[in-house]
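Below is one structure; the comments refer to it alone.
Just so you know, these numbers use all the heavy atoms, side chains as well, and skip hydrogens, waters and symmetry mates.
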Amino acid sequence: MVLVTPEINRTMNEIPNRLVKVCSSEFQVNPRGEFRARSKVAATAAAVTLAIVLGLVDYLTGREWAISALYLLPTCFAGWVAGRSAGLAVGALCTGVWFLSDILSGPMYQHPLIPVWNAIMLFVFFFVVVWLLTAFHSSHYHLEQTVERRTAALRAEMEERKRLEHAKLQAERLAVVGSMAAQVAHEIRNPLGSIFLNLDLIGQELNVFANSNGRSAAECQALLREMRSQVLRIRQVLQEYLRFARMPKSDRAVVSLKGFLEEKLNFVQPLLDQRHVDLSRTLDPSLPPVYVDAEQLWEALLNLIRNALDAMPDGGNLTVSAKGNGAEALVSISDNGRGMTEEEGRNLFVPFFTTKSDGTGLGLAYAQRVINEHGGKIDCITAWGKGSTFTIQLPVAVGA
């Protein structure tokens, strides 16, 4: 009988590994499937064959070898592998084979009912052994399952604690970096305002003195426009840095997620039409409400939608879906654009990482920060040339 039994930002934005339990065979994947049924049949057949062989040996050797105890082998084997019913059936067969071989071996007992009594006692013994053996097997199996579940829970808890430690470290480091960036941005913003104002004054002076040489004045105006656009660009970057570093305190309220998404998607529909993007909505009517800051949530979603549009410069399909999932609400935004490379996927939520010539690399980082501030999670599945899908998990409103 056999018992089978470095970057700072990159570190801060690591996505925790999810625990996946992989079964190595069809027997484990589907215990009631065809493989296990065949195993039971094969084990029972082997036990029956062994019982018959033992009966023949018992008959041919007479009562000299006294191999009655060996009948436990097929009985226990069938009970362990094929279950209690098969074990009892093989035990009954072994009892019958023993009784038949004992009767055919000739008279030996003083009373003719003694072999019957011995057969009954043998079957009772087999019955007790099979019952205890299968009970132990069932207990052992359930113990293994309990250990596996608790081990998986412990691993998941360790991963979650590790993620929280990384998130805490991220928050501390971002606080320092954000404070420095905010101070630098504040110091730069005032000179930029002065430069922008003086550019306007220079433009007015050029208009006054443009009578003598119109071509020269036009060239100067073109240079001024370029300088003004670059100053506006710097101002926009500074505003985004300040927004990321000084995220305002969220003003949360219970929001009907379905109505919120319908309203905002209707608002952004003209932009999608302009970019030749077809919008597909799949919003669960029974979508539970969420407790969020509606403006911050929309800024996060709008960043995802803009990224999807940038990934489809020639138009495409945008799918927005939302559904309930127990104590969470899931919102997915999918596009069939160019997708992302492996490197881009790794640095997806890293602040200041961007592949756009005019990007700041703060859009997705800001979206992740908003979702995390609301107690949710954001993940992305992407493939180069096939598109990307962002999934947001938000806790539903308590009592909803």
Side-chain angles (χ1 to χ4, degrees), residues 1-5 19-109 111-154:
M1 179 179 61
V2 181
L3 188 60
V4 180
T5 59
L19 184 62
V20 179
K21 181 180 178 182
V22 179
C23 297
S24 59
S25 67
E26 184 181 357
F27 178 85
Q28 293 171 317
V29 173
N30 185 9
R32 298 182 180 180
E34 181 180 358
F35 182 79
R36 177 150 188 179
R38 291 180 178 177
S39 299
K40 288 184 176 182
V41 171
T44 304
V48 169
T49 302
L50 181 58
I52 294 174
V53 170
L54 288 174
L56 290 175
V57 173
D58 197 10
Y59 170 71
L60 294 177
T61 59
R63 301 184 177 93
E64 297 178 359
W65 287 17
I67 62 172
S68 301
L70 295 180
Y71 286 104
L72 275 174
L73 292 176
T75 302
C76 293
F77 177 73
W80 183 266
V81 177
R84 181 170 293 171
S85 299
L88 293 177
V90 173
L93 174 64
C94 289
T95 302
V97 170
W98 174 86
F99 179 76
L100 184 61
S101 64
D102 191 59
I103 293 297
L104 295 178
S105 296
M108 177 183 177
Y109 305 102
H111 196 280
L113 292 180
I114 292 180
V116 177
W117 175 256
N118 289 340
I120 295 174
M121 290 297 99
L122 187 63
F123 178 74
V124 170
F125 176 70
F126 288 160
F127 179 86
V128 172
V129 170
V130 169
W131 188 275
L132 294 177
L133 184 66
T134 53
F136 172 75
H137 183 271
S138 177
S139 175
H140 174 73
Y141 174 77
H142 288 299
L143 180 61
E144 281 187 338
Q145 296 299 311
T146 302
V147 170
E148 288 181 1
R149 286 195 300 268
R150 293 183 177 179
T151 302
L154 181 59

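The side-chain contact (heavy atoms from CB on, under 4.5 Å) test applied to Ser139 returns no partner, not counting sequence neighbours. With sequence neighbours excluded, the residues forming a side-chain contact (heavy atoms from CB on, under 4.5 Å) with Phe123 are Ala92, Thr95, listed by chain and number. In this structure, the side-chain contact (heavy atoms from CB on, under 4.5 Å) partners of Ala47, at least two apart in sequence or on a different chain, are Pro74, Phe77, Ala78, Val90. Contacts of Leu143 classified as side-chain contact (heavy atoms from CB on, under 4.5 Å), with partners at least two apart in sequence or in another chain: Val147.
Sequence neighbours left out, the pairs with a member in residues 127-136 that pass side-chain hydrogen bond (donor to acceptor under 3.5 Å, both in side chains) are Arg84-Thr134.
For the atom pair Ser138 OG and Leu133 CG, the distance stands at 11.5 Å (nearest 0.5 Å). One finds the CD atom of Gln145 at 10.0 Å from the NE2 atom of His140 (value rounded to the nearest 0.5 Å). Between Thr49 atom OG1 and Leu54 atom CG the span is 11.0 Å, to the nearest 0.5 Å. One finds the CG atom of Leu70 at 8.5 Å from the CG atom of Leu50 (value rounded to the nearest 0.5 Å).
Between His137 and Trp80, the ring planes are perpendicular. Angles over 60° get that label, and only those under 30° would be called parallel.
Taking each heavy atom of Thr75 and Cys94 in turn, the nearest pair found is OG1-SG, 3.6 Å. Contact between Val97 and Gly55 at its shortest, heavy atoms only, is CG1-CA, 3.1 Å. Considering every non-hydrogen atom in both Ala43 and Val81, the closest pair reads CB-CG1, 3.4 Å.
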Check the pair Val116 / Phe99 against side chain to side chain contact (heavy atoms under 4.5 Å, CB included), numbers first and verdict last. CA-CA 8 Å; Val116 177; Phe99 179 76; 3.9 Å; yes
